[in-house]
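Before any comments, here is the structure.
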Amino acid sequence: MNPNLIEMPLLLSGAAGQRGQLQAQYSQDAPVRSAIMKRLELHRPLLNQQAPQAFLAQQWDFAQCFCQPELEEMQGVATGFGVAPLDLFTFLHLSLLKHLLMPTAAGDGCSVCAVATPNEGAILAKNRDFHGEHVDLQRIFLHTDPAWPEGRRFLCVGSLGAPGVYSSGINSNGLAVADTQIATTDHGVGWLRYFLMTRLLSKHATVSEALSDLKALPHAGGGSLVLADATGTTVAVDLGHRVIKIERASCGVSRTNHFKPDSVANSPDAAPMVASSEGRARVLDQYLHSASPTLPKLQALMASHNQGTTTGLCRHGEDGDAQTLSGVVYICRERRLSFCAGNPCQVPWASFTLHDNH
(Lines give C-alpha, C1' and ligand atoms only; values in the text may rest on other atoms or scores of the structure.)
Protein backbone atom coordinates (compact mmCIF):
# COMPACT_ATOMS: atom_id res chain seq x y z
CA MET A 1 0.00 0.00 0.00
CA ASN A 2 0.99 3.67 -0.20
CA PRO A 3 2.47 4.63 3.22
CA ASN A 4 1.55 8.25 2.52
CA LEU A 5 -2.08 7.29 3.13
CA ILE A 6 -1.23 6.92 6.81
CA GLU A 7 0.85 10.01 7.52
CA MET A 8 -1.60 11.14 10.22
CA PRO A 9 -4.52 9.44 11.99
CA LEU A 10 -7.99 10.36 10.74
CA LEU A 11 -9.78 12.23 13.54
CA LEU A 12 -13.28 10.89 14.16
CA SER A 13 -14.84 13.06 16.86
CA GLY A 14 -18.40 13.22 18.13
CA ALA A 15 -21.30 10.92 18.90
CA ALA A 16 -21.25 7.42 17.44
CA GLY A 17 -23.19 8.14 14.25
CA GLN A 18 -21.16 11.29 13.59
CA ARG A 19 -17.89 9.40 13.92
CA GLY A 20 -19.14 6.83 11.43
CA GLN A 21 -20.13 9.40 8.80
CA LEU A 22 -16.84 11.30 9.18
CA GLN A 23 -14.97 8.40 7.54
CA ALA A 24 -16.54 9.22 4.19
CA GLN A 25 -15.90 12.95 4.53
CA TYR A 26 -12.19 12.17 4.75
CA SER A 27 -12.13 9.51 2.04
CA GLN A 28 -15.05 9.87 -0.37
CA ASP A 29 -12.99 8.55 -3.29
CA ALA A 30 -11.90 5.35 -1.55
CA PRO A 31 -13.38 2.19 -3.17
CA VAL A 32 -15.21 1.25 0.03
CA ARG A 33 -18.59 0.39 -1.44
CA SER A 34 -17.11 -1.76 -4.21
CA ALA A 35 -14.94 -3.69 -1.73
CA ILE A 36 -17.96 -4.45 0.47
CA MET A 37 -20.30 -5.39 -2.37
CA LYS A 38 -17.67 -7.53 -4.10
CA ARG A 39 -17.24 -9.59 -0.94
CA LEU A 40 -21.02 -9.90 -0.46
CA GLU A 41 -21.59 -10.99 -4.05
CA LEU A 42 -18.86 -13.60 -3.71
CA HIS A 43 -20.83 -15.13 -0.83
CA ARG A 44 -24.34 -14.57 -2.24
CA PRO A 45 -25.18 -18.32 -2.47
CA LEU A 46 -24.48 -18.61 1.24
CA LEU A 47 -26.30 -15.41 2.17
CA ASN A 48 -29.43 -16.37 0.25
CA GLN A 49 -30.00 -19.37 2.50
CA GLN A 50 -32.64 -19.21 5.20
CA ALA A 51 -30.34 -20.02 8.14
CA PRO A 52 -27.92 -17.07 7.74
CA GLN A 53 -30.81 -14.70 7.06
CA ALA A 54 -32.51 -15.79 10.27
CA PHE A 55 -29.29 -15.52 12.25
CA LEU A 56 -28.56 -12.03 10.91
CA ALA A 57 -32.09 -10.91 11.83
CA GLN A 58 -31.53 -12.12 15.39
CA GLN A 59 -28.13 -10.44 15.52
CA TRP A 60 -29.65 -7.15 14.30
CA ASP A 61 -32.31 -7.28 17.00
CA PHE A 62 -29.64 -8.04 19.61
CA ALA A 63 -27.45 -5.16 18.45
CA GLN A 64 -30.37 -2.73 18.58
CA CYS A 65 -31.01 -3.72 22.20
CA PHE A 66 -27.48 -4.10 23.57
CA CYS A 67 -24.94 -2.56 21.15
CA GLN A 68 -26.63 0.74 20.38
CA PRO A 69 -23.54 3.03 20.15
CA GLU A 70 -21.60 0.48 18.09
CA LEU A 71 -24.57 -0.09 15.76
CA GLU A 72 -25.13 3.66 15.38
CA GLU A 73 -21.49 4.13 14.36
CA MET A 74 -21.84 1.32 11.81
CA GLN A 75 -25.00 2.94 10.42
CA GLY A 76 -23.14 6.24 10.13
CA VAL A 77 -20.36 4.54 8.17
CA ALA A 78 -22.92 2.93 5.86
CA THR A 79 -24.72 6.22 5.27
CA GLY A 80 -21.47 8.03 4.54
CA PHE A 81 -20.32 5.56 1.90
CA GLY A 82 -23.74 4.89 0.36
CA VAL A 83 -24.05 1.31 1.60
CA ALA A 84 -27.27 -0.16 2.98
CA PRO A 85 -26.78 -0.61 6.75
CA LEU A 86 -27.89 -4.25 6.58
CA ASP A 87 -25.32 -4.91 3.82
CA LEU A 88 -22.53 -3.53 6.01
CA PHE A 89 -23.85 -5.48 9.01
CA THR A 90 -23.82 -8.64 6.87
CA PHE A 91 -20.29 -7.89 5.65
CA LEU A 92 -19.06 -7.63 9.25
CA HIS A 93 -20.59 -11.06 9.99
CA LEU A 94 -19.23 -12.86 6.91
CA SER A 95 -16.47 -14.85 8.60
CA LEU A 96 -18.85 -15.90 11.37
CA LEU A 97 -21.49 -17.01 8.87
CA LYS A 98 -18.96 -18.98 6.85
CA HIS A 99 -17.75 -20.82 9.91
CA LEU A 100 -21.31 -21.36 11.12
CA LEU A 101 -22.49 -22.98 7.88
CA MET A 102 -19.31 -23.96 6.03
CA PRO A 103 -16.81 -25.16 8.67
CA THR A 104 -14.01 -25.86 6.17
CA ALA A 105 -14.33 -22.53 4.34
CA ALA A 106 -11.14 -20.60 3.67
CA GLY A 107 -10.43 -17.74 6.04
CA ASP A 108 -7.97 -15.06 6.95
CA GLY A 109 -5.52 -15.02 9.81
CA CYS A 110 -3.30 -12.82 11.95
CA SER A 111 -0.47 -13.22 14.44
CA VAL A 112 -0.71 -11.47 17.83
CA CYS A 113 1.31 -11.52 21.03
CA ALA A 114 1.55 -9.48 24.23
CA VAL A 115 4.42 -9.45 26.70
CA ALA A 116 5.81 -7.35 29.54
CA THR A 117 9.28 -6.11 28.57
CA PRO A 118 12.06 -4.83 30.89
CA ASN A 119 12.00 -1.25 29.54
CA GLU A 120 8.74 -0.57 27.69
CA GLY A 121 6.29 -2.28 30.04
CA ALA A 122 3.54 -4.29 28.36
CA ILE A 123 3.63 -4.32 24.56
CA LEU A 124 1.11 -5.87 22.20
CA ALA A 125 1.96 -6.66 18.58
CA LYS A 126 -0.11 -7.76 15.60
CA ASN A 127 0.57 -8.63 11.99
CA ARG A 128 -2.68 -7.99 10.16
CA ASP A 129 -3.23 -10.68 7.53
CA PHE A 130 -6.36 -9.89 5.52
CA HIS A 131 -7.95 -9.59 2.08
CA GLY A 132 -5.82 -7.85 -0.54
CA GLU A 133 -8.54 -5.33 -1.39
CA HIS A 134 -8.18 -3.85 2.09
CA VAL A 135 -4.60 -2.71 1.42
CA ASP A 136 -5.64 0.75 0.24
CA LEU A 137 -8.56 1.00 2.69
CA GLN A 138 -6.38 0.63 5.74
CA ARG A 139 -6.05 3.66 8.01
CA ILE A 140 -5.22 4.70 11.56
CA PHE A 141 -8.19 6.37 13.27
CA LEU A 142 -8.30 8.58 16.36
CA HIS A 143 -11.72 8.31 18.02
CA THR A 144 -13.10 10.75 20.60
CA ASP A 145 -16.67 10.87 21.92
CA PRO A 146 -18.15 13.20 24.58
CA ALA A 147 -20.11 10.24 25.99
CA TRP A 148 -16.94 8.41 27.03
CA PRO A 149 -15.72 8.89 30.63
CA GLU A 150 -12.74 11.03 31.63
CA GLY A 151 -12.18 12.30 28.09
CA ARG A 152 -11.19 8.81 26.98
CA ARG A 153 -10.16 8.34 23.35
CA PHE A 154 -8.44 5.66 21.33
CA LEU A 155 -6.17 5.07 18.36
CA CYS A 156 -6.94 2.05 16.21
CA VAL A 157 -5.77 0.33 13.07
CA GLY A 158 -8.74 -0.47 10.86
CA SER A 159 -10.28 -0.10 7.42
CA LEU A 160 -12.41 2.56 5.80
CA GLY A 161 -15.94 1.19 5.72
CA ALA A 162 -15.64 -0.66 9.03
CA PRO A 163 -16.65 0.90 12.36
CA GLY A 164 -14.55 1.30 15.50
CA VAL A 165 -11.83 -1.18 16.37
CA TYR A 166 -11.86 -3.49 13.36
CA SER A 167 -8.39 -4.95 13.97
CA SER A 168 -6.59 -3.48 16.99
CA GLY A 169 -6.29 -0.36 19.11
CA ILE A 170 -5.15 1.39 22.29
CA ASN A 171 -6.97 3.90 24.49
CA SER A 172 -5.74 6.88 26.50
CA ASN A 173 -5.54 4.75 29.66
CA GLY A 174 -3.04 2.42 27.97
CA LEU A 175 -5.43 -0.50 27.45
CA ALA A 176 -4.71 -2.25 24.13
CA VAL A 177 -6.59 -4.99 22.30
CA ALA A 178 -6.09 -7.01 19.11
CA ASP A 179 -7.99 -9.92 17.61
CA THR A 180 -7.30 -12.96 15.49
CA GLN A 181 -9.79 -14.97 13.47
CA ILE A 182 -10.41 -18.52 14.66
CA ALA A 183 -13.23 -20.76 13.46
CA THR A 184 -15.44 -22.39 16.07
CA THR A 185 -18.50 -24.60 16.27
CA ASP A 186 -19.74 -22.57 19.26
CA HIS A 187 -21.79 -19.75 17.71
CA GLY A 188 -24.98 -18.05 18.85
CA VAL A 189 -26.64 -14.65 19.14
CA GLY A 190 -24.43 -12.19 21.00
CA TRP A 191 -21.70 -9.57 20.73
CA LEU A 192 -19.92 -9.44 17.39
CA ARG A 193 -16.17 -9.30 18.01
CA TYR A 194 -15.70 -6.03 16.09
CA PHE A 195 -18.37 -4.27 18.16
CA LEU A 196 -16.93 -5.81 21.31
CA MET A 197 -13.42 -4.39 20.83
CA THR A 198 -14.84 -0.89 20.39
CA ARG A 199 -16.86 -1.32 23.59
CA LEU A 200 -13.80 -2.43 25.58
CA LEU A 201 -11.62 0.53 24.59
CA SER A 202 -14.39 3.09 25.06
CA LYS A 203 -15.49 1.82 28.49
CA HIS A 204 -12.45 0.43 30.32
CA ALA A 205 -9.01 1.46 31.58
CA THR A 206 -7.43 -1.90 32.49
CA VAL A 207 -7.36 -5.54 31.51
CA SER A 208 -9.08 -6.40 34.80
CA GLU A 209 -12.03 -4.13 34.02
CA ALA A 210 -12.29 -5.44 30.47
CA LEU A 211 -12.29 -9.06 31.65
CA SER A 212 -15.11 -8.43 34.12
CA ASP A 213 -17.16 -7.01 31.25
CA LEU A 214 -16.25 -9.84 28.86
CA LYS A 215 -17.33 -12.48 31.36
CA ALA A 216 -20.75 -10.88 31.79
CA LEU A 217 -21.61 -10.54 28.08
CA PRO A 218 -23.12 -13.04 25.63
CA HIS A 219 -20.86 -13.51 22.60
CA ALA A 220 -21.55 -14.48 19.01
CA GLY A 221 -18.49 -16.73 19.20
CA GLY A 222 -15.36 -17.15 17.14
CA GLY A 223 -11.93 -15.56 17.27
CA SER A 224 -9.68 -14.48 20.09
CA LEU A 225 -8.76 -11.24 21.83
CA VAL A 226 -5.34 -10.42 23.26
CA LEU A 227 -5.28 -7.56 25.78
CA ALA A 228 -2.52 -5.63 27.53
CA ASP A 229 -2.44 -2.53 29.73
CA ALA A 230 -0.20 0.07 31.30
CA THR A 231 0.21 -1.99 34.48
CA GLY A 232 1.98 -4.72 32.50
CA THR A 233 -0.94 -7.17 32.57
CA THR A 234 -1.47 -9.36 29.50
CA VAL A 235 -4.21 -11.89 28.78
CA ALA A 236 -5.71 -13.87 25.88
CA VAL A 237 -9.43 -14.61 25.58
CA ASP A 238 -10.91 -17.26 23.27
CA LEU A 239 -14.50 -16.44 22.36
CA GLY A 240 -17.27 -18.98 22.14
CA HIS A 241 -21.00 -18.42 22.51
CA ARG A 242 -21.53 -20.82 25.40
CA VAL A 243 -18.12 -20.41 26.98
CA ILE A 244 -15.04 -18.19 26.85
CA LYS A 245 -11.55 -19.30 27.86
CA ILE A 246 -9.02 -16.95 29.49
CA GLU A 247 -5.26 -17.55 29.46
CA ARG A 248 -2.77 -15.74 31.64
CA ALA A 249 0.95 -16.47 31.63
CA SER A 250 3.87 -14.76 33.35
CA CYS A 251 5.86 -14.81 30.10
CA GLY A 252 3.05 -13.31 28.03
CA VAL A 253 0.39 -14.65 25.65
CA SER A 254 -0.02 -15.12 21.90
CA ARG A 255 -2.62 -16.20 19.38
CA THR A 256 -2.71 -17.15 15.71
CA ASN A 257 -5.64 -18.93 14.04
CA HIS A 258 -6.45 -22.05 16.01
CA PHE A 259 -7.71 -22.78 19.51
CA LYS A 260 -5.73 -24.99 21.84
CA PRO A 261 -7.25 -28.42 22.60
CA ASP A 262 -8.61 -27.35 26.01
CA SER A 263 -10.17 -24.12 24.73
CA VAL A 264 -13.32 -23.20 22.79
CA ALA A 265 -14.64 -25.87 20.42
CA ASN A 266 -12.61 -25.73 17.22
CA SER A 267 -14.12 -25.92 13.78
CA PRO A 268 -11.95 -27.76 11.21
CA ASP A 269 -10.58 -25.36 8.64
CA ALA A 270 -8.76 -26.27 5.46
CA ALA A 271 -7.56 -22.75 4.67
CA PRO A 272 -3.84 -22.41 3.88
CA MET A 273 -3.61 -19.57 6.44
CA VAL A 274 -4.76 -21.91 9.17
CA ALA A 275 -2.31 -24.55 7.97
CA SER A 276 0.49 -22.13 8.94
CA SER A 277 -1.13 -21.24 12.26
CA GLU A 278 0.64 -23.81 14.42
CA GLY A 279 4.02 -22.84 12.98
CA ARG A 280 3.45 -19.16 13.65
CA ALA A 281 2.24 -19.99 17.16
CA ARG A 282 5.48 -21.88 17.89
CA VAL A 283 7.56 -18.91 16.73
CA LEU A 284 5.63 -16.51 18.96
CA ASP A 285 5.88 -18.87 21.91
CA GLN A 286 9.66 -19.04 21.51
CA TYR A 287 9.81 -15.24 21.57
CA LEU A 288 7.69 -15.07 24.71
CA HIS A 289 10.03 -17.49 26.48
CA SER A 290 13.20 -15.70 25.34
CA ALA A 291 15.55 -14.33 27.99
CA SER A 292 14.94 -10.62 27.29
CA PRO A 293 11.97 -9.74 25.07
CA THR A 294 12.34 -6.23 23.64
CA LEU A 295 10.49 -4.00 21.18
CA PRO A 296 13.22 -4.20 18.46
CA LYS A 297 13.29 -8.01 18.73
CA LEU A 298 9.52 -8.14 18.38
CA GLN A 299 9.53 -5.85 15.34
CA ALA A 300 12.17 -8.07 13.74
CA LEU A 301 10.08 -11.13 14.50
CA MET A 302 7.01 -9.63 12.82
CA ALA A 303 9.16 -9.16 9.69
CA SER A 304 10.39 -12.78 9.66
CA HIS A 305 9.94 -15.19 6.75
CA ASN A 306 9.87 -18.97 6.39
CA GLN A 307 13.28 -20.49 6.96
CA GLY A 308 13.51 -24.25 6.68
CA THR A 309 10.93 -25.70 9.05
CA THR A 310 10.44 -22.36 10.85
CA THR A 311 7.33 -20.43 9.84
CA GLY A 312 7.66 -16.68 9.31
CA LEU A 313 5.10 -14.14 10.51
CA CYS A 314 5.33 -11.79 7.51
CA ARG A 315 3.07 -13.30 4.85
CA HIS A 316 3.26 -12.62 1.09
CA GLY A 317 0.28 -14.48 -0.33
CA GLU A 318 1.39 -17.97 0.69
CA ASP A 319 -1.97 -18.26 2.43
CA GLY A 320 -4.58 -17.84 -0.29
CA ASP A 321 -6.00 -14.34 -0.68
CA ALA A 322 -4.70 -13.15 2.69
CA GLN A 323 -1.45 -11.24 3.05
CA THR A 324 0.19 -9.15 5.72
CA LEU A 325 -1.26 -5.68 5.25
CA SER A 326 0.57 -4.10 8.17
CA GLY A 327 2.34 -4.58 11.45
CA VAL A 328 1.62 -2.70 14.65
CA VAL A 329 3.09 -2.67 18.15
CA TYR A 330 1.26 -0.95 21.03
CA ILE A 331 3.47 0.33 23.87
CA CYS A 332 0.91 0.55 26.66
CA ARG A 333 2.78 2.62 29.25
CA GLU A 334 3.56 5.31 26.66
CA ARG A 335 0.09 5.19 25.03
CA ARG A 336 1.91 4.83 21.72
CA LEU A 337 1.73 2.65 18.64
CA SER A 338 4.53 1.80 16.24
CA PHE A 339 3.05 1.13 12.83
CA CYS A 340 4.28 -0.37 9.57
CA ALA A 341 1.99 0.45 6.62
CA GLY A 342 2.75 -2.68 4.62
CA ASN A 343 4.81 -5.83 4.97
CA PRO A 344 7.09 -5.34 8.01
CA CYS A 345 10.02 -6.71 6.00
CA GLN A 346 9.75 -3.83 3.50
CA VAL A 347 8.26 -0.71 5.12
CA PRO A 348 9.76 1.37 7.97
CA TRP A 349 7.93 1.79 11.26
CA ALA A 350 6.25 5.11 12.17
CA SER A 351 5.15 6.20 15.64
CA PHE A 352 1.83 7.72 16.79
CA THR A 353 1.10 8.75 20.38
CA LEU A 354 -2.01 9.38 22.46
CA HIS A 355 -1.14 12.24 24.82
CA ASP A 356 -2.27 11.20 28.28
CA ASN A 357 -4.17 13.75 30.33
CA HIS A 358 -4.85 11.52 33.34
Side-chain angles (χ1 to χ4, degrees), residues 5-37 56 59-93 134 136-173 175-177 179 191-205 210 213 217 335 337 339 352-358:
L5 292 174
I6 309 189
E7 289 182 343
M8 292 293 291
L10 298 185
L11 176 60
L12 306 179
S13 182
Q18 292 175 298
R19 288 186 285 109
Q21 290 194 54
L22 275 172
Q23 280 197 30
Q25 293 184 30
Y26 280 121
S27 305
Q28 292 178 337
D29 296 331
V32 170
R33 189 178 187 280
S34 62
I36 292 170
M37 300 313 296
L56 283 170
Q59 280 290 97
W60 183 273
D61 290 343
F62 176 88
Q64 286 186 311
C65 290
F66 301 106
C67 318
Q68 188 173 3
E70 293 80 14
L71 185 63
E72 287 178 358
E73 185 193 354
M74 187 218 74
Q75 291 171 311
V77 172
T79 298
F81 286 109
V83 177
L86 185 56
D87 281 342
L88 181 53
F89 191 75
T90 302
F91 172 82
L92 295 172
H93 281 80
H134 278 258
D136 291 329
L137 300 182
Q138 186 168 236
R139 297 291 190 279
I140 296 175
F141 302 97
L142 172 59
H143 286 257
T144 68
D145 190 317
W148 295 341
E150 301 177 314
R152 183 170 293 133
R153 55 211 177 279
F154 61 75
L155 278 170
C156 61
V157 176
S159 295
L160 292 169
V165 185
Y166 189 50
S167 177
S168 63
I170 187 171
N171 71 16
S172 47
N173 299 99
L175 175 65
V177 63
D179 78 322
W191 275 84
L192 178 68
R193 191 169 75 247
Y194 307 124
F195 286 176
L196 178 63
M197 291 193 288
T198 300
R199 174 189 175 98
L200 296 180
L201 290 194
S202 63
K203 284 183 171 293
H204 303 300
D213 197 9
L217 297 173
R335 283 70 168 170
L337 69 87
F339 183 73
F352 302 89
T353 302
L354 272 168
H355 296 292
D356 183 28
N357 294 326
H358 303 300

Residue pair Phe91, Leu88: steps toward the side-chain contact (heavy atoms from CB on, under 4.5 Å) verdict: CA-CA 5 Å; Phe91 172 82; Leu88 181 53; 4.1 Å; yes
Qualifying salt bridge (charged side-chain N to carboxylate O under 4.0 Å, His left out) pairs, either residue in residues 161-172, two or more places apart: none
Side chain to side chain, Asn171 and Val177, heavy atoms closer than 4.5 Å: no
Side chains of Met74 and Tyr194 in contact at under 4.5 Å (non-hydrogen atoms): no
Gln138 side, atom CD; Phe339 side, atom CZ - distance, nearest 0.5 Å: 4.0 Å
Sequence-distant partners of Phe66, ring-ring contact (aromatic ring centres under 6.0 Å, His included), two or more places apart: Phe62
Side chains of Leu201 and Cys156 in contact at under 4.5 Å (non-hydrogen atoms): no
Least distance between heavy atoms, Pro163 atom then Leu92 atom: CD-CD1, 3.8 Å
Pairing residues for Ser34 by the side chain to side chain contact (heavy atoms under 4.5 Å, CB included) criterion, not counting sequence neighbours: Pro31
Where at least one partner belongs to residues 70-81, residue pairs that pass salt bridge (charged side-chain N to carboxylate O under 4.0 Å, His left out), sequence neighbours excluded: Arg19-Glu73
Closest approach of Phe195 to Ala63 (non-hydrogen atoms, all atoms of both residues): CE1-CB, 4.3 Å
Sequence-distant partners of Leu86, side chain to side chain contact (heavy atoms under 4.5 Å, CB included), two or more places apart: Trp60, Phe89, Thr90
Working for side-chain contact (heavy atoms from CB on, under 4.5 Å), residues Ser27 and Arg139: CA-CA 10 Å; Ser27 305; Arg139 297 291 190 279; 4.3 Å; yes
Gap separating the CG atom of Leu217 from the CG atom of Leu200, nearest 0.5 angstrom: 8.0 Å
Any side-chain heavy-atom pair of Asn173 and Glu150 under 4.5 Å: yes
Residue pair Leu10, Leu160: steps toward the side-chain contact (heavy atoms from CB on, under 4.5 Å) verdict: CA-CA 10 Å; Leu10 298 185; Leu160 292 169; 4.1 Å; yes
For Ser168, all residues meeting side chain to side chain contact (heavy atoms under 4.5 Å, CB included), sequence neighbours excluded: Lys126, Val157, Ala178, Val328, Tyr330
Sidechain-backbone polar pair: Thr198 side chain, Val165 backbone, donor-acceptor under 3.5 Å: yes
For Asp213, salt bridge (Lys or Arg N to Asp or Glu O under 4.0 Å) partners two or more places apart: Arg199
All ring-ring contact (aromatic ring centres under 6.0 Å, His included) counterparts of Phe141, not counting sequence neighbours: none
Audit row: Gln23, Val32, side-chain contact (heavy atoms from CB on, under 4.5 Å) steps and yes/no: CA-CA 10 Å; Gln23 280 197 30; Val32 170; over 6 Å; no
Rounded distance (nearest 0.5 Å) linking atom OG1 of Thr144 with atom CZ of Arg152: 13.5 Å
Side-chain heavy-atom pair Asp179, Leu196 within 4.5 angstrom cut-off: no
Closest non-hydrogen atom pair between Ala210 and Leu175, with its separation: CB-CD2, 4.4 Å
Test side chain to side chain contact (heavy atoms under 4.5 Å, CB included) applied to Asp87 - qualifying residues, sequence neighbours left out: Met37, Leu40, Val83, Ala84
Where Pro85 and Ala78 come nearest, the two heavy atoms and their spacing: CA-CB, 3.8 Å
Listed partners of Phe81 passing ring-ring contact (aromatic ring centres under 6.0 Å, His included), at least two apart: none
Leu12 CG to Gln21 CD distance, which is reported to the nearest 0.5 Å: 11.5 Å
Rounded distance (nearest 0.5 Å) linking atom OH of Tyr26 with atom CG of Leu11: 4.5 Å
Side-chain heavy atoms of Gln64 within contact of Asp61, under 4.5 Å: yes
Minimum-distance pair of heavy atoms, taken over all atoms of Ser202 and Pro149: O-CD, 3.8 Å
Distance-minimising heavy-atom pair for Ala35 and Leu137: CB-CD1, 3.8 Å
Partner set under side chain to side chain donor-acceptor pair (under 3.5 Å) for Thr353, not counting sequence neighbours: none
